[in-house]
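These numbers come from the heavy atoms of this one structure, side chains and all, not from hydrogens, waters or symmetry mates. Quick caveat: nothing in here was measured; it's all calculated off a predicted structure. Convention: sequence-line order gives letters A, B, ...; per-chain numbering from 1.
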Amino acid sequence: MPELPEVETIRRQLAPLLAERTIVDAAADANPKFTAAPAAIGGTVTGVDRRGKYLLVGLDHADGPRELVVHLGMTGQLGADIDPGGPHVRAWWGFADGGTLGYRDVRQFGRIAVVPAGRYETLGTLGRIGPEPLSDSFTPAGLWEGLHRRRARVKTVLLGQQVVAGVGNIYADEALWRAGIHPAARRVGRERAAALHAAIRAVLAEGIENGGTTLRDYRTVTGEAGRNQTRLDCYGRAGEPCRRCGTTLRHAVFDGRGTTWCPACQPR
DNA sequence: GTTGCGTCCTGGACGC
DNA sequence: TGCGTCCAGGACGCAA
């Protein structure tokens with residue numbers, strides 16, 4: 001399930017692969033989530049950026065600068081070696097030099113859009129997305145204010161993308177474990193918000209350093225698995241002893257999301 | 001405006 | 001071995 005570290009890993013591989021190439025052909029699945037892919041035809045790639053979990057491919061186009069926006073959802077994969085006619089391929093783009101870029105997505109939770117550059121207001125979450133967690137715009141005070149305004153569970157707020165961008169289920173569990181905060185807490189003080197701020201940055205930075213977390217579907221552009229899954233302290237370890245205190249980690253569903261936490265280190 | 005639940009979607013795991 | 005059921009979760013729609 002691609003979160004910020006996985007998407008950033010893909011972005012870093014994709015940028016040199018797509019640089020200055022012109023899209024001359026494309027096709028998409030009938031699912032409306034993907035039908036926008038051909039709107040990139042005619043564009044020359046100017047760069048590959050990322051915002052939260054969204055990949056932003058800049059395009060120099062005759063009708064003005066555009067952006068190809070790709071969200072990988074749960075099982076989305078991008079790759080030059082993805083056969084456009086292969087199973088679960090929802091879209092592909094062909095380049096003037098003859099190569100292709102395929103988008104495969106088994107569960108179809110991803111989505112593709114093409115918009116005028118920088119115009120994200122029609123894209124729901126991306127139009128309201130919060131600060132990049134590894135940038136200076138994400139501060140302990142800003143996180144505290146974002147949490148303080150809300151009465152939802154702290155983990156639900158993190159997953160909402162409006163207080164901080166790019167955090168998904170895995171890294172939310174990991175960051176809350178590191179900060180010692182119960183995932184269902186509805187109030188977080190300034191001190192604990194600062195600890196959570198540091199934890200979010202740390203787990204995401206480590207995730208990027210390790211090339212992302214592969215639990216099942218995630219693969220880089222070159223088809224490799226990430227290495228971060230061996231470093232997880234909390235997510236997916238329910239029933240096992242906490243690495244900090246030895247207490248058995250618990251699992252429950254909060255707001256529809258499977259959640260693992262340590263009842264001793266993360267008291268309610 | 002906020003919160004929380006249901007839905008989409010499919011392969012794998014599991015039980016019988 | 002084969003079948004049915006459950007589970008995973010990001011984003012979005014909708015009701016309260």
Side-chain angles (χ1 to χ4, degrees), chain A residues 1-8 10 28-36 50-56 69-78 82 86-91 103-113 115 120-130 132-133 145-176 183-188 200 204 207 212-219 225-226 228-229 232 234-239 249-261:
Chain A
M1 52 209 80
E3 301 181 30
L4 188 150
E6 292 74 42
V7 178
E8 176 61 20
I10 290 167
D29 192 283
N31 187 328
K33 290 179 174 180
F34 311 116
T35 50
R50 179 194 53 74
R51 192 72 173 86
K53 304 174 197 173
Y54 292 83
L55 276 169
L56 308 171
V69 180
V70 180
H71 191 293
L72 300 171
M74 286 280 292
T75 55
Q77 299 171 352
L78 285 165
I82 292 176
H88 312 305
V89 173
R90 310 301 176 187
Y103 175 74
R104 179 167 50 214
D105 188 351
V106 173
R107 294 190 204 171
Q108 305 183 54
F109 275 23
R111 56 194 65 231
I112 294 170
V115 297
Y120 308 132
E121 61 271 18
T122 59
L123 300 181
T125 296
L126 184 56
R128 302 184 298 272
I129 202 163
E132 278 296 310
E145 283 171 25
L147 295 172
H148 189 69
R149 282 193 258 114
R150 309 283 297 275
R151 284 293 169 266
R153 296 179 175 93
V154 60
K155 180 177 174 182
T156 304
V157 175
L158 294 181
L159 296 182
Q161 308 299 304
Q162 293 183 34
V163 171
V164 59
V167 177
N169 211 34
I170 297 172
Y171 295 98
D173 276 3
E174 291 297 307
L176 289 164
R186 292 179 191 268
R187 287 180 180 276
V188 174
I200 290 169
L204 293 177
T213 301
T214 296
L215 297 178
R216 184 180 299 173
D217 301 289
Y218 164 67
R219 289 290 183 278
N228 201 56
Q229 58 277 10
L232 300 179
C234 184
Y235 181 90
R237 297 191 63 247
L249 298 178
R250 290 188 59 187
H251 181 271
V253 176
F254 295 122
D255 296 332
R257 295 290 170 259
T259 301
T260 304
W261 79 99

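In this structure, of C:dA11, B:dG4, B:dT10, it is C:dA11 that holds the atom nearest to the side chain of A:Arg257. When distances run from any side-chain atom of A:Tyr235 to the nucleotides C:dG10, C:dC12, C:dA8, the shortest one goes to C:dA8. With B:dC9, C:dA8, C:dC12 as the choices, the nucleotide that has an atom nearest any side-chain atom of A:Met74 turns out to be C:dA8.
Judged by distance alone, the side chain of A:Glu174 and the main-chain N or O of A:Leu232 form no donor-acceptor pair under 3.5 Å.
Rounded to whole angstrom, the span from the CG atom of A:Asp105 across to the P atom of C:dA8 amounts to 19 Å. If you measure from atom CZ of A:Arg51 to atom P of C:dG10, you get 18 Å, rounded to the nearest angstrom. Atom P of nucleotide B:dT10 and atom CZ of A:Arg104 are separated by 16 Å, given to the nearest angstrom. Rounded to an integer number of Å, the gap from CZ of A:Arg153 to P of B:dG4 is 6 Å. Between the CG atom of A:Asn169 and the P atom of C:dC7 there is a distance of 15 Å, given to the nearest Å. Taking atom NZ of residue A:Lys53 and atom C1' of nucleotide C:dG10, one finds them 6 Å apart after rounding to whole Å. If you measure from atom CG of A:Asp255 to atom C1' of B:dC5, you get 9 Å, rounded to the nearest angstrom. The CZ-P distance, from A:Arg90 to C:dG10, rounds to 19 Å in whole Å.
Within the 4.5 Å cutoff, no side-chain heavy atoms of A:Arg90 are placed close to those of A:Asn31. A:Tyr120 has its side chain out of reach of A:Ile129: every pair of non-hydrogen atoms, C-beta onward, lies at least 4.5 Å apart.
Rotation axes derived from the C1' atoms of the five outermost pairs at either end of the helix from B:dT2-C:dA16 to B:dC16-C:dG2 lie 50° apart, to the nearest 10°.
No engagement by A:Gly256 is indicated, since no non-hydrogen atom pair under 4.0 Å with the nucleic acid exists. Across all strands shown, A:Leu126 has no heavy atoms under 4.0 Å from either base or sugar-phosphate atoms.
For the residue pair A:Gly130 and A:Ala165, the shortest heavy atom distance occurs at O-CB, 3.6 Å.
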| Chi angles and distances behind the side-chain contact (heavy atoms from CB on, under 4.5 Å) call for A:Arg257, A:Thr156 | CA-CA 9 Å; A:Arg257 295 290 170 259; A:Thr156 304; over 6 Å; no
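The salt bridge (Lys or Arg N to Asp or Glu O under 4.0 Å) with A:Asp173 is formed by just one residue from the set A:Lys155, A:Arg250, A:Arg237; it is A:Lys155.
Of the two residues near DNA chain B, A:His88 and A:Lys33, the one whose nearest nucleotide lies more 5' is A:Lys33.
No more than 12 heavy-atom neighbours from other residues, nucleotides or ligands sit within 6.0 angstrom of NE2 on A:His148.
Using a 4.0 Å cut-off between charged side-chain N and carboxylate O, A:Glu3 and A:Lys53 make no salt bridge.
Looking at A:Arg111, its side chain has no donor and acceptor atom pair within 3.5 Å of the base of C:dG10. A donor-acceptor contact under 3.5 Å is formed by the side chain of A:Arg107 with the base of C:dA8.
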Enumerate the protein-to-nucleotides 1-3 of chain B contacts in which both atoms are nitrogen or oxygen and the separation is below 3.5 Å.
{"from": "B:dT3", "atom 1": "OP1", "to": "A:Arg151", "atom 2": "N", "distance (Å)": "2.2"}
{"from": "B:dT3", "atom 1": "OP1", "to": "A:Ala152", "atom 2": "N", "distance (Å)": "3.0"}
{"from": "B:dT3", "atom 1": "OP2", "to": "A:Arg150", "atom 2": "NE", "distance (Å)": "2.4"}
{"from": "B:dT3", "atom 1": "OP2", "to": "A:Arg150", "atom 2": "NH2", "distance (Å)": "3.1"}

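In this pair, A:His71 and A:Tyr54 present their aromatic rings perpendicular. The plane angle is above 60°, beyond the 30 to 60° band.
One finds no side-chain N or O of A:Gln161 lying less than 4.0 angstrom from the OP1 or OP2 phosphate oxygen of C:dG10.
Checked against ring-ring contact (aromatic ring centres under 6.0 Å, His included), A:Tyr171 has no partners two or more places apart in sequence or in another chain.
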